[in-house]
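Values reported hereafter were calculated over all heavy atoms of this structure, with side chains retained and with hydrogens, waters and symmetry mates removed.
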Amino acid sequence: MNDLHVVTGAGPVGWAVAEQLAEQGKHVRVLTRSGSGPEHSRVERRVVDVQDAARVREALSGAAAVFHCIHGSAYTADAWRAELPRAEQTVLAAAAEAGAVVVFPESLYSYSEPDRPMTEAGPRAARGGKRGVRTDLLRARDASPTNTVSVVAGDFFGPRVRNSHGGERMVAPVLAGKKLWVMGSADQPHSFTYVPDLAAAMIMSAQTPSLWNRVWHAPTGPAVTQRQLATAFAEAGGATQPKIGTIPGWALRVMGLFSKDLGELGETLYQFQKPFVMDSAVSQATLGLHPTPLAQAAAATVAWWRNQG
């Protein structure tokens with residue numbers, strides 16, 4: 001397999017993928033609009049906008065695999081619909097010319113029967129809003145002649161994860177000994193995925209052609225409540241047991257009338273009002289990977305946050 005692996009985006013997923021590839025001895029090319037990415041002798045950072053078809057085609061030339069890890073400029077259905085499909089089609093077309101497989105991190109938004117444990121078998125046919133955008137993206141990948149893999153994860157936590165329910169909205173107040181406010185219920189089981197485990201699954205699937213053109217689940221530990229996850233961070237950081245308050249659905253909907261960001265969060269409130277559980281057993285057995293134990297993952301997350309000062 002060609003040594004060149006291209007990563008679009010340097011958020012927590014793209015960064016983790018690039019770091020793990022470099023540690024495996026691969027030549028990694030990271031494409032961002034800012035030129036950011038890990039500082040490593042095997043990582044080449046280029047300033048490239050993935051909406052620029054000519055620049056993307058040049059940057060992907062000779063690549064064996066592409067890890068498409070960008071996100072929308074805003075957490076809104078309008079931004080996702082305007083930006084993500086075009087970017088994916090640009091990358092898919094360039095990857096086809098290079099003969100590269102494209103690996104995507106994916107969410108649980110498209111799953112249309114979330115009231116039962118979600119498996120690789122689906123169904124993934126949710127409609128409307130950001131959920132519908134994710135469904136449409138998966139269908140477009142399936143229709144593309146380019147080889148693809150989509151690796152589904154639950155809500156992220158881990159190093160560099162900020163804008164997430166298990167990110168700065170949870171870790172920062174817990175370590176500061178402040179009261180934590182969560183959506184929905186603090187005591188419903190919910191699947192959270194440690195980002196380095198997602199990155200490992202994406203890399204493994206790219207290296208195994210028999211796994212292409214499928215949807216896989218990132219190795220994800222047993223579902224935990226928001227209270228249990230917060231407690232794991234507190235224990236890892238030597239902080240006091242966190243006090244937790246909940247923002248009920250009606251309050252979030254009212255606040256959403258005055259804040260578009262809060263209104264967008266309200267669209268996914270269902271994920272925190274009832275059990276929201278993904279099952280990764282099939283993918284773990286196929287990929288030969290296992291989720292990092294929660295205590296270990298929480299300790300690494302807390303260590304990263306503390307290194308930020």
Side-chain angles (χ1 to χ4, degrees), residues 9 11-17 69 71-72 75-76 80 104-111 114-119 124 126 129-131 133-134 150-174 180-202 215-233 236 242 244 246-247 249 252 261-262 264-280 283 291-294 297-298 300-302 304-305:
V13 179
W15 196 292
V17 169
C69 304
H71 48 78
Y75 184 69
T76 67
W80 286 16
F104 300 88
E106 188 51 67
S107 71
L108 293 164
Y109 283 27
S110 67
Y111 282 70
D115 291 337
R116 59 188 178 93
M118 292 165 280
T119 69
R124 293 176 286 271
K130 295 186 293 296
R131 298 183 69 197
V133 174
R134 302 314 307 185
S150 297
V151 183
V152 174
D155 276 290
F156 296 158
F157 75 100
R160 296 180 185 80
V161 176
R162 293 185 179 274
N163 190 22
S164 168
H165 295 285
E168 63 187 347
R169 294 195 294 271
M170 180 177 287
V171 183
V174 166
L180 171 66
W181 291 91
V182 300
M183 281 175 48
S185 168
D187 298 303
Q188 290 289 347
H190 187 94
S191 288
F192 291 91
T193 301
Y194 184 51
V195 163
D197 293 339
L198 168 60
M202 293 173 65
V215 173
W216 299 101
H217 282 189
T220 300
V224 296
T225 67
Q226 294 184 89
R227 189 183 307 278
Q228 289 171 322
L229 184 61
T231 297
F233 290 138
I244 301 178
T246 59
I247 305 172
L252 194 63
D261 289 344
L262 288 174
E264 293 288 341
L265 281 176
E267 182 187 352
T268 58
L269 181 63
Y270 71 97
Q271 299 179 4
F272 297 92
Q273 292 176 314
K274 298 178 180 179
F276 190 73
V277 179
M278 66 178 285
D279 183 336
S280 60
S283 291
T292 302
L294 179 58
T301 302
V302 167
W304 181 83
W305 273 94

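Thr292 approaches Ala297 most closely through the heavy-atom pair CG2-N, 3.9 Å. The nearest pair of heavy atoms linking Ala16 to Val195 is CB-CG1, 3.9 Å. Considering every non-hydrogen atom in both Thr193 and Gly154, the closest pair reads OG1-N, 2.8 Å. In this structure, Ala186 and Ile244 approach most closely via the heavy-atom pair CB-CG2, 3.9 Å. A pairwise comparison of heavy atoms in Arg131 and Tyr109 identifies NE-O, 2.9 Å as the closest pair. Among all heavy-atom pairs drawn from Val151 and Ala201, the shortest one is CG1-CB, 4.0 Å.
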Donor-acceptor list for residues 272-280 side chains, cut-off 3.5 Å, not counting sequence neighbours:
from	atom 1	to	atom 2	distance (Å)
Asp279	OD1	Ala281	N	2.8
Ser280	OG	Thr220	N	3.1
Ser280	OG	Thr220	O	3.4
Ser280	OG	Gln284	OE1	2.5

* **Evaluation steps, side-chain contact (heavy atoms from CB on, under 4.5 Å), between Trp305 and Arg162** => CA-CA 10 Å; Trp305 273 94; Arg162 293 185 179 274; 3.7 Å; yes
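Taking the side chain as every heavy atom from C-beta outward, Asn163 and Arg169 approach each other to under 4.5 Å. Taking 4.5 Å as the limit, every side-chain heavy atom of Gln228 sits out of range of all side-chain heavy atoms of Leu294. Val161 places none of its side-chain heavy atoms less than 4.5 Å from the side chain of Trp304. Looking at Pro105 and Met202, their side chains come closer than 4.5 Å, going by heavy atoms from C-beta outward. Side-chain atoms of Met118 and Leu108, non-hydrogen and from C-beta on, do get closer than 4.5 Å to each other. Side-chain atoms of Phe157 and Tyr194, non-hydrogen and from C-beta on, do get closer than 4.5 Å to each other. Contact check for Asp155 versus Ser191: no side-chain heavy atoms found under the 4.5 Å cut-off. Residues Trp216 and Glu106 are not in side-chain contact: their nearest non-hydrogen atoms beyond the backbone lie 4.5 Å or more apart.
Not a single donor-acceptor pair under 3.5 Å links the side chain of His165 to the backbone N or O of Met170. Looking at Gln226, its side chain never comes within 3.5 Å of a backbone N or O of Val182 through a donor-acceptor pair.
Going from atom CE of Met183 over to atom OG1 of Thr246 covers 11.5 Å, rounded to the nearest 0.5 Å. For the atom pair CZ of Arg134 and OG of Ser150, the computed distance is 8.5 Å after rounding to the nearest 0.5 Å. How far OG1 of Thr119 is from OH of Tyr111: 7.0 Å, rounded to the nearest 0.5 Å.
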